[in-house]
Amino acid sequence: MALGGGYINRVAWIDLAAGKVAYKPIAEEDARKYIGARGLGVKYVFDNGPKVDPLSPDNILCFMTGPLTGTDVNLSGRVAIVTKSPLTGTVVDSHHGGWSGARLKWAGLDGLVFKGKAAKPVYAYVEDGAVSLHDAGDLWGKGVHDTVKALQARYGEKDVSIMTIGQAGENLVKFACWMNENDRASGRGGTGCVGGSKLLKAIVIKGKHEDRPRPANRDAWRDAQKTALAQLMDERVVTAPRKGGLSVYGTNVLMNIDNNIGALPAYNAQQASFREKAELISGEHVKATILVNDPTCHACPVACKKEVEVKEGPFKVHMESVEYEMAWSLGAMCGNADVGAVAYLIDRANDYGIDGIEVGDVLALYMEYSQRGYADGDELKWGDGLGMAEQMRKLVFREGVGDKLAEGTGKAAALLSHPELGMHVKGMGIPAYDPRGIKGMGLGYATSNRGACHLRGYTPAAEVVGNVLGPAEKVDPLAWEGKGKLMMIFQNVHAVTDCLDVCKFATFAESLDAFAAQFTAITGAPADANYLLEVGERVYNLERRYNNLNGFTGKDDSLPRRFLEEPSQEPGSKGQVCELEKMKAEYYAARGWVDGVVSDKKLQELGIA
């Protein structure tokens with residue numbers, strides 16, 4: 001497979017201990033089997049050895065683009081951060097949008113791979129295909145916003161993107177993350193904690209739009225782009241610019257929808273809806289009260305970001321954006337119906353550089369811990385926005401009980417001697433979908449290779465929205481039958497689009513044939529839908545193999561007992577629990593796995609060493 005078009009064919013391997021950089025091409029076989037971004041990053045992490053300690057210098061930290069990143073392909077402003085997770089002990093990839101992925105490509109690199117530990121805090125500067133390391137002593141201790149300001153003062157704002165960790169990464173909070181351009185997070189799995197362990201504070205990228213990759217076949221590109229854009233703008237799909245729900249209200253369009261079907265966990269999932277309070281933190285309410293702008297990412301006409309401003313009171317803030325997941329985690333999950341407090345808390349999480357989902361889960365855990373009388377005087381009450389802000393600060397700086405909460409939902413619950421209160425899978429806190437009301441999502445949480453995650457296989461596209469690679473009939477969210485094969489297909493599709501690397505929202509609208517046509521036009525490499533699905537399957541199985549080698553089996557493909565044994569009492573899902581074991585049996589059969597373990601036959605079939 002010749003590497004042209006969207007491939008620069010140049011990856012920087014940075015030895016932080018030695019302060020040296022080597023530049024290597026992408027092996028053609030790796031590109032054919034794994035394409036790029038998530039796939040290549042996982043391959044590099046796998047080859048580095050599965051037994052590595054996540055916080056040791058030997059762990060690698062990859063920032064990888066795909067062959068469509070930074071091109072004129074719609075929704076192609078993505079970058080994947082891949083490493084071994086200190087939160088879960090699994091392989092993890094976490095993506096963000098904005099402009100840094102595109103600018104990394106425009107700056108002449110497909111990716112950055114960091115290994116070792118610097119002798120003192122450093123940041124990396126990327127321009128014209130080269131990486132240099134610089135002293136970050138004056139930046140260490142700063143939050144994300146101040147770090148961005150300081151580096152913008154140094155390098156300017158034009159054509160510049162900045163990725164950085166905050167104090168959470170420096171203090172090795174297990175769910176610390178990398179932030180891009182202040183408010184775009186590679187949120188899940190503790191990638192920022194790995195950066196902190198390496199004393200890597202930030203990455204500054206200077207790349208110009210005119211240096212973007214051009215299609216290998218311009219005529220084919222015009223046809224492919226026309227088809228893809230028409231699918232994206234179809235008014236029957238949620239991505240339709242200025243008409244679809246994602247464009248009009250952002251991701252938070254889901255708040256009322258999931259609440260009304262009894263699939264919105266509230267009060268640490270003691271309820272499967274936030275009842276009448278959900279409206280107060282919904283996308284519709286945000287648009288009517290505090291919305292000030294609709295910014296977007298590279299090559300994206302959807303503009304799902306919703307910039308807001310709270311002008312008065314204790315939660316005064318101007319930030320981007322009140323996303324669904326964080327509005328839920330710091331809202332409904334914590335019994336907080338104050339949209340101003342939600343916006344403020346999201347901004348605090350972004351500035352500290354912590355996963356906005358996980359921090360809501362650990363705060364909700366501690367709130368139920370307090371509710372049940374276990375807190376012994378240091379209580380945190382439901383909906384207490386100021387108390388949440390203070391407890392968030394304590395966990396970032398590891399003060400008091402915050403030192404336990406900084407370990408993440410699963411371990412924190414164990415350290416507090418009440419593991420039943422932790423709503424997590426493999427140590428990672430759940431996202432904003434209650435498995436009692438959306439059964440496929442329960443299977444997705446359990447079988448995700450990185451811990452509880454909605455983005456590994458987003459079955460709500462079929463179970464709630466009715467957009468699956470274009471307009472589609474909905475499937476019953478309360479039925480468990482058939483969800484095993486459905487989840488496998490979603491996981492394979494999302495794995496390969498993460499390799500390309502395009503936004504998940506493109507999969508609501510665009511067909512696999514459209515993705516394949518764009519890939520071929522941009523790179524010159526032949527591809528069809530079957531090839532893409534095979535790559536997705538290979539990547540998912542390589543991740544699972546990595547986890548198997550770390551001791552993970554089917555017993556780890558689990559859910560909190562609350563979802564399995566405590567029936568929902570909410571309209572839309574009343575009386576429902578999640579029939580996980582039945583779905584797992586279907587799923588393992590579809591995958592060809594044995595009790596969650598990839599078989600030798602499957603490894604051989606997919607060409608995985």
Side-chain angles (χ1 to χ4, degrees), residues 3 6-28 30-31 34 36-37 40-49 52 54-67 69-70 79-84 93 99-140 147 151 154-155 159-165 169 178 180 186 191-192 194-208 211 213 501:
L3 302 186
Y7 289 103
I8 305 300
N9 201 19
R10 184 176 171 88
V11 176
W13 293 73
I14 302 102
D15 183 335
L16 290 167
K20 295 181 178 179
V21 185
Y23 302 94
K24 301 178 183 180
I26 299 169
E28 288 190 16
D30 288 346
Y34 302 103
L40 275 181
V42 169
K43 181 64 164 62
Y44 293 160
V45 170
F46 185 91
D47 288 347
N48 190 55
V52 66
L55 299 183
S56 76
D58 290 335
N59 192 17
I60 62 173
L61 179 63
C62 309
F63 295 75
M64 300 299 299
T65 67
T69 303
V79 64
I81 305 179
V82 193
T83 189
K84 185 176 185 180
D93 64 288
W99 299 86
S100 63
R103 288 199 174 107
L104 181 57
K105 185 70 68 67
W106 303 345
L109 291 169
D110 293 299
L112 310 168
V113 181
F114 294 91
K115 192 171 185 177
K117 180 179 180 179
K120 59 183 181 181
V122 297
Y123 69 90
Y125 180 76
V126 183
E127 185 178 10
D128 293 334
V131 180
S132 55
L133 298 175
H134 304 266
D135 183 16
D138 62 322
L139 302 175
W140 203 255
T147 301
L151 290 170
R154 199 168 299 172
Y155 294 101
D159 301 322
V160 171
S161 285
I162 297 164
M163 296 183 283
T164 184
I165 62 171
W178 282 88
N180 169 45
S186 281
T191 60
V194 175
S197 75
K198 296 182 177 302
L199 297 183
L200 178 64
K201 177 64 175 178
I203 301 169
V204 182
I205 305 166
K206 187 166 187 177
K208 297 180 180 180
D211 294 328
D501 185 7

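Residue indices begin at 1 and follow the sequence shown.
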Query raised in the report: Do Val131 and Tyr23 pass the side-chain contact (heavy atoms from CB on, under 4.5 Å) test, and can you show the C-alpha distance, the side-chain angles, and the key distance before you say yes or no?
Result: CA-CA 9 Å; Val131 180; Tyr23 302 94; 4.0 Å; yes

Query - side-chain contact (heavy atoms from CB on, under 4.5 Å) assessment of Val79 paired with Thr69 - result: CA-CA 7 Å; Val79 64; Thr69 303; 5.8 Å; no

Report task. Could you give me the CA-CA distance, side-chain angles and deciding distance for Met163 and Ile205, then say whether side-chain contact (heavy atoms from CB on, under 4.5 Å) is met? Result -> CA-CA 8 Å; Met163 296 183 283; Ile205 305 166; 3.6 Å; yes

Under 3.5 Å donor-acceptor pairs involving side-chain atoms of residues 109-122, not counting sequence neighbours:
from	atom 1	to	atom 2	distance (Å)
Asp110	OD1	Ile8	N	3.0
Asp110	OD2	Ile8	N	3.3
Asp110	OD2	Asn9	N	2.5
Asp110	OD2	Arg10	N	2.9
Lys115	NZ	Asn48	OD1	3.0

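Applying the side-chain hydrogen bond (donor to acceptor under 3.5 Å, both in side chains) criterion to Ser186, with sequence neighbours excluded, gives His96. Taking Tyr155 as the reference, Tyr123 meet the side-chain hydrogen bond (donor to acceptor under 3.5 Å, both in side chains) condition, with sequence neighbours excluded. Under the rule for a side-chain hydrogen bond (donor to acceptor under 3.5 Å, both in side chains), Asp211 has no partner lying at least two apart in sequence or in another chain. When the side-chain hydrogen bond (donor to acceptor under 3.5 Å, both in side chains) test is applied to Tyr44, no partner is found at least two apart in sequence or on another chain. Remark: Asp15 pairs with Ala17, Ala18 by the side chain to side chain contact (heavy atoms under 4.5 Å, CB included) rule, at least two apart or across chains.
The two residues Gly196 and Trp140 come nearest to each other via the heavy atoms O-CH2, 4.0 Å. In this structure, Gly195 and Ile165 approach most closely via the heavy-atom pair C-CD1, 4.3 Å. Nearest heavy atom pair, residue Pro54 against residue Val194, reads O-CG2, 3.9 Å. Here the closest non-hydrogen pair linking Ala80 and Ala37 is CB-C, 4.0 Å. Smallest separation of non-hydrogen atoms from Gly41 and Cys62: O-SG, 4.3 Å.
One distance of note links NZ of Lys198 with CD1 of Ile14; it measures 11.0 Å at 0.5 Å rounding. One distance of note links CG of Leu133 with CG of Leu200; it measures 8.0 Å at 0.5 Å rounding. To the nearest 0.5 angstrom, Leu139 atom CG is 11.5 Å from His134 atom NE2. Here Lys201 contributes atom NZ and Thr147 contributes atom OG1; the two are 4.0 Å apart, rounded to the nearest 0.5 Å. The CG atom of Leu61 sits 6.5 Å away from atom CH2 of Trp178, with the distance rounded to the nearest 0.5 Å. One distance of note links CG of Leu104 with CD1 of Ile203; it measures 8.5 Å at 0.5 Å rounding.
Contact of the Asp501 side chain with the Thr65 side chain is not registered, since no non-hydrogen atoms from C-beta on lie closer than 4.5 Å.
Between the side chain of Lys105 and the main chain of Gly6, a donor-acceptor pair closer than 3.5 Å is present.
Side-chain atoms of Ser161 and Asn180 include no donor-acceptor pair closer than 3.5 Å.
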